**Student:** 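Pasting a structure below so you can have a look.
Numbering starts at 1 and runs along the sequence shown. Just the heavy atoms: all of them, side chains too, but no hydrogens, waters or symmetry mates, feed the values below. Remember, it's a predicted structure, so these values are computed and weren't measured experimentally. Both ligands and their constituent atoms are indexed starting at 1 by order of listing.
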Amino acid sequence: MADSTFLDWPFFGDDHRRLAEELRHWAAEHVAPLQEPSHDDAALDARCRDLVGMLGRGGWLRYCVPGEYGGAGRLEVRNLCLARETLSYVSGLADFAFAMQGLGTGPISLFGSEALKRRYLANVATGKSIAAFALSEPDAGSDVGAIATTATRDGSDYLLYGVKTWISNAGLADHYVVFARTGEAPGTKGLSAFVVDADSPGLDVAERIAVMAPHPLGTIALDSCRVPAGQMLAGPGDGFRVAMSTLDVFRSTVGAAALGFARRALDEAVARSRERQAFGRHLRDFQLIQAKIADMAVAVDAAALLIYRAAWAKDTSEGGRVTREASMAKLFATEAAQKVVDQAVQIFGGLGLVHGNIAESLYREIRALRIYEGTSEIQKLVIAAEILGEKEGSEPGS
Ligand code: COS
């Protein structure tokens, strides 16, 4: 069982501890027995829909939206992180199903009009509808300012043209938050965000993309897709701010998902080193194995400290930015988890390479997290910009 002593850290209150404990029990009962899905799109979609339904009925998706709109109270990053860590410990796909309900509504919760909040949030909180976040394009992933999808005013509507790719829940989602160029200024200052219903004429799923750890992912095409102007989030030209403020909340939670994978890898490696014998001794009796276990445990605790520091900072910031803290948490936790999982594979030896072994599955699950919602390289740029910006004008030693 995962170490839960971190819940005693001062970042948390009793409600957070209760959420983590209750979700852990629920996931062990409802999610752990499920078999991992195959790459078959239909089976994968069905599994994902089931998971969203289960999470909705269990009341867990209420943590993805604010209390006034069917949520469990204030939209708290600590809750999102605890939920993602707890779910990813058991299943990467369950974490994905939960996380996308949050990411695909985060811009609405943060910037939506009252009407949009009422229309979309409660159904996502119960699992009745599925959410998606459509930022990336074939030529605009890290470089958000290069977005080429356009949204042109046409009477009381906008007409959207373009292609969005690497979209989680493409084909499953009931709505997409789409970022498009409205042209108020070049680059990042000429983007706007829209909530686009999946059944809007002109929106099609162009392809599905099979990735190493099966998750519903694909490309959507927008061809003369008509969207009422009231579906815009914030104002014209605010799209980059909408995207970055949403990522300020969700980047820490990607770190939390990585933490869940890392904790599981550590626990499995410890169990393996207690059982497995070599040269007449258990693996745990070898100092080189002990060194690996120590490195893994330090990485797990350090990642947890950065994640829950960022989450606590956001929750207590009264709407302020935690860009540096969130990027640090995502960068460190995902990179550390990759190493921890790799060490677990090493401790499992050949078994760790076998399809279906927990170490092999974690090895495939963790890789994407160093790329999506801002690559490790982008996080370094963001952290450096925040630090150099903060110190601008100050002399060394002053
Ligand atoms: N919250 C609110 N506003 C923010 C913000 C944040 N976290 N980050 C930046 N902004 C604002 C800035 O304040 C600035 O506004 P002003 O010009 O009015 O001061 C504006 O947005 C532009 O900021 P900046 O100059 O830092 O933007 P850059 O173009 O330099 O940003 C990076 C470049 C690479 C940091 C950005 O494009 C990025 O994070 N890219 C990765 C995107 C990503 O995660 N893609 C993966 C797909 S999502 S699954």
**Student:** For V382, take its heavy atoms, then give the atoms of ligand 1 lying under 4.0 Å from any of them.
**Tutor:** 35 (C)
**Student:** Can you pull out the closest protein heavy atom to atom 34 (C) of ligand 1? Residue, atom name and distance to 0.1 Å, please.
**Tutor:** I378 CD1, 3.7 Å
**Student:** For a ring pair (Phe, Tyr, Trp, His ring centres under 6.0 Å) with F133, tell me which candidate from F250, F179, Y176 qualifies.
**Tutor:** F179
**Student:** Would you mind running through ligand 1 and noting each atom that sits below 4.0 Å from a heavy atom of G374?
**Tutor:** 43 (C), 44 (O), 46 (C)
**Student:** For ligand 1, which atoms sit closer than 4.0 Å to a heavy atom of S136?
**Tutor:** 47 (C)
**Student:** Decide yes or no for F240 and V144: does some side-chain heavy atom of the first lie under 4.5 Å from some side-chain heavy atom of the second?
**Tutor:** yes
**Student:** Tell me whether ligand 1 is touched by Y372 - counting only heavy atoms on the residue side and a distance under 4.0 Å.
**Tutor:** no
**Student:** Go through the side-chain N and O atoms of S38 and D40 and say whether any donor and acceptor fall under 3.5 Å apart.
**Tutor:** no
**Student:** Quick one: does A385 get within less than 4.0 Å of ligand 1, heavy atoms only?
**Tutor:** no
**Student:** For the residue pair R264 and Y89, would you count it as a cation-pi contact if the rule is NZ or CZ under 6.0 angstrom from the ring centre and within 45 degrees of the ring axis?
**Tutor:** yes
**Student:** Does Y363 OH have over 12 foreign heavy atoms under 6.0 Å away?
**Tutor:** no
**Student:** Please state which part of F240 comes within less than 4.0 Å of ligand 1, counting heavy atoms only: side chain, backbone, both or neither.
**Tutor:** side chain
**Student:** Flag yes if more than 12 heavy atoms outside E21 fall under 6.0 Å of its CD atom; otherwise flag no.
**Tutor:** yes
**Student:** Which protein heavy atom lies closest to atom 2 (C) of ligand 1, and at what distance to 0.1 Å?
**Tutor:** S245 OG, 3.5 Å
**Student:** Could you see which bit of L247 sits under 4.0 Å from ligand 1, with heavy atoms only: side chain, backbone, both or neither?
**Tutor:** side chain
**Student:** How far is atom 39 (O) of ligand 1 from the closest protein heavy atom, and which atom is that?
**Tutor:** R251 NH2, 3.3 Å
**Student:** Looking at A94 and L55, what are the two nearest heavy atoms and their distance?
**Tutor:** O-CD1, 3.8 Å
**Student:** Please state which part of Q379 comes within less than 4.0 Å of ligand 1, counting heavy atoms only: side chain, backbone, both or neither.
**Tutor:** neither
**Student:** May I ask you to check whether G141 has an N/O atom sitting below 3.5 Å from an N/O atom of ligand 1?
**Tutor:** yes
**Student:** Would you please determine whether S142 falls within less than 4.0 Å of ligand 1 on a heavy-atom basis?
**Tutor:** yes
**Student:** If you count every heavy atom of other residues, nucleotides or ligands that lies below 6.0 Å from Q35 atom CD, does the total exceed 12?
**Tutor:** no
